[in-house]
Amino acid sequence: MPSVKEVTEEILGGKGFFVLPGLMSQADAASARASAIAEASAAGLAGNSARNEKIKHGTARALLHQGELFERLVQNPTIIEIAEALLGDDMTLSSYSCRIMWPGATEMGVHVDYPYWALPEPFAVRPPLMLQVIWMLQDFTETNGATLVAPASQLLARRPDRGRFKREAIKVTGASGTAIVSHGLLWHDTSPNHTDEPRVSLLINYGNKVIRPLDSRIGEVPPEVLARATPKLRQLLGLQFGQALGRDLQRQRLY
Ligand SMILES: O=C(O)CCC(=O)C(=O)O
């Protein structure tokens with residue numbers, strides 16, 4: 001296991017991403033995958049806009065309404081350590097969903113992550129505003145829609161250029177339970193799913209606390225989830241924003 005420093009340095013000043021195998025058990029990955037497929041199937045082709053219908057991508061959201069497994073997965077201690085080293089120990093959860101690439105799914109389109117796509121350029125690599133975690137909920141293979149990344153593209157600190165991405169992108173394959181952690185500025189995409197099984201990723205975006213969460217309803221969880229929430233989960237849900245600001249003010253001796 002690499003040190004947190006090695007991982008964060010690679011994310012900021014190196015390839016922009018790090019692949020961490022075996023951080024989630026295969027049993028947890030399989031359960032999370034089954035829940036996501038069940039939820040998306042119940043909702044039809046989830047998020048069934050014309051565009052999603054065409055590219056055969058679905059999304060399962062509201063994961064914190066779907067049982068304790070998802071509460072545990074979003075607090076993976078290794079990932080939290082990396083996220084806090086990059087974003088501060090008061091960072092929060094910005095979005096939490098599963099991307100389902102049904103058989104025949106095509107690329108979703110190269111992009112940087114929120115909030116960068118919602119901001120005007122120029123962007124800054126430091127301080128990072130967002131860390132994306134792409135969890136492989138089954139093996140990501142050459143043919144089933146594995147994630148594509150352009151190494152070191154975060155250093156360009158600009159919106160993706162499709163031609164350059166095509167030339168430089170590599171496919172990240174790996175075993176179920178692997179996490180890809182990346183800078184929100186890294187250019188990335190999905191590859192086509194040529195198999196007859198859905199490919200599912202668990203997508204987590206952790207953000208600097210001052211960035212409004214992408215999912216504006218991220219803090220709306222069922223009362224029983226709130227009642228059993230750990231301090232870390234409360235932090236992730238943005239419930240400790242006031243205290244975090246208080247610490248910032250104290251550090252600057254403003255009060
Ligand atoms: O599932 C993946 O491989 C990446 C998906 C992604 O980047 C996204 O939904 O923004």
Side-chain angles (χ1 to χ4, degrees), residues 11 15-21 23-24 29 32-33 35-37 39-40 45-49 51-63 70 73-74 79 93-119 128-151 153-154 159-160 162 165 169-195 197-207 211 213-215 218:
I11 288 174
K15 293 197 306 285
F17 70 100
F18 213 102
V19 180
L20 298 163
L23 273 195
M24 185 191 293
R33 180 175 184 275
S35 290
I37 291 176
E39 203 242 74
L45 187 58
N48 54 356
S49 67
R51 178 176 150 78
N52 282 348
E53 192 68 58
K54 188 161 149 246
I55 65 175
K56 294 193 167 22
H57 283 234
T59 310
R61 294 189 208 279
L63 300 181
F70 288 103
L73 295 181
V74 78
I79 299 289
L93 185 59
S94 181
S95 64
Y96 191 28
S97 63
C98 285
R99 174 157 294 275
I100 304 170
M101 297 181 57
W102 300 101
T106 61
E107 298 92 339
M108 67 180 294
V110 56
H111 58 285
V112 290
D113 274 325
Y114 176 87
Y116 297 104
W117 52 252
L119 286 171
L129 302 179
M130 193 65 64
L131 175 77
Q132 184 176 50
V133 187
I134 302 173
W135 284 103
M136 302 182 188
L137 296 187
Q138 80 276 291
D139 295 351
F140 276 23
T141 68
E142 282 298 327
T143 53
N144 74 353
T147 312
L148 299 168
V149 300
S153 51
Q154 87 286 4
R159 293 181 199 286
R162 281 193 205 163
F165 184 73
I170 59 166
K171 196 176 278 183
V172 186
T173 58
S176 163
T178 299
I180 310 169
V181 284
S182 61
H183 195 298
L185 274 175
L186 187 76
W187 299 0
H188 62 285
D189 196 356
T190 53
S191 58
N193 181 359
H194 297 296
T195 71
E197 289 292 328
R199 191 236 67 173
V200 186
S201 61
L202 177 66
L203 296 176
I204 310 181
N205 285 80
Y206 299 98
I211 303 298
L214 173 60
D215 180 349
I218 200 83

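Whatever order the structure lists them in is the order used to number ligands and atoms, beginning at 1. FYI, side chains are in, hydrogens and waters are out, and symmetry mates aren't considered; it's all heavy atoms of this structure.
Close N/O approach between Asp189 and ligand 1 is not found [any backbone or side-chain N/O within under 3.5 Å]. Polar contact check, Thr190 against ligand 1: no nitrogen or oxygen pair lies under 3.5 Å apart.
Summary of contacts: the protein heavy atom closest to atom 5 (C) of ligand 1 is Arg99 CD, 3.6 Å. Here the heavy atom of the protein found nearest to atom 3 (O) of ligand 1 is Thr147 OG1, 2.6 Å. Closest to atom 10 (O) of ligand 1 among all protein heavy atoms lies His111 NE2, 2.9 Å.
Ile37 places a side-chain heavy atom less than 4.5 Å from the side chain of Val200.
Heavy-atom contacts of His188 reach the following atoms of ligand 1: 7 (O) (cutoff under 4.0 Å). When each atom of ligand 1 is checked for a heavy atom of Ser201 under 4.0 Å away, the hits are 1 (O), 2 (C).
There is no side-chain donor-acceptor pair under 3.5 Å between Asp139 and Thr141. Using a 3.5 Å distance cut-off with no hydrogens or angles, the side chains of Ser97 and Arg99 do not pair a donor with an acceptor. A donor-acceptor contact under 3.5 angstrom links the side chains of Gln132 and His188, judged on distance only.
Using bins of under 30°, 30° to 60° and over 60° for the plane-to-plane angle, the ring pair Phe70/Tyr96 lands in the perpendicular bin.
Checking Met101, Arg199, Met108 against atom 2 (C) of ligand 1, the nearest heavy atom belongs to Arg199.
No more than 12 heavy atoms of other residues, nucleotides or ligands sit less than 6.0 Å from atom CZ of Arg162.
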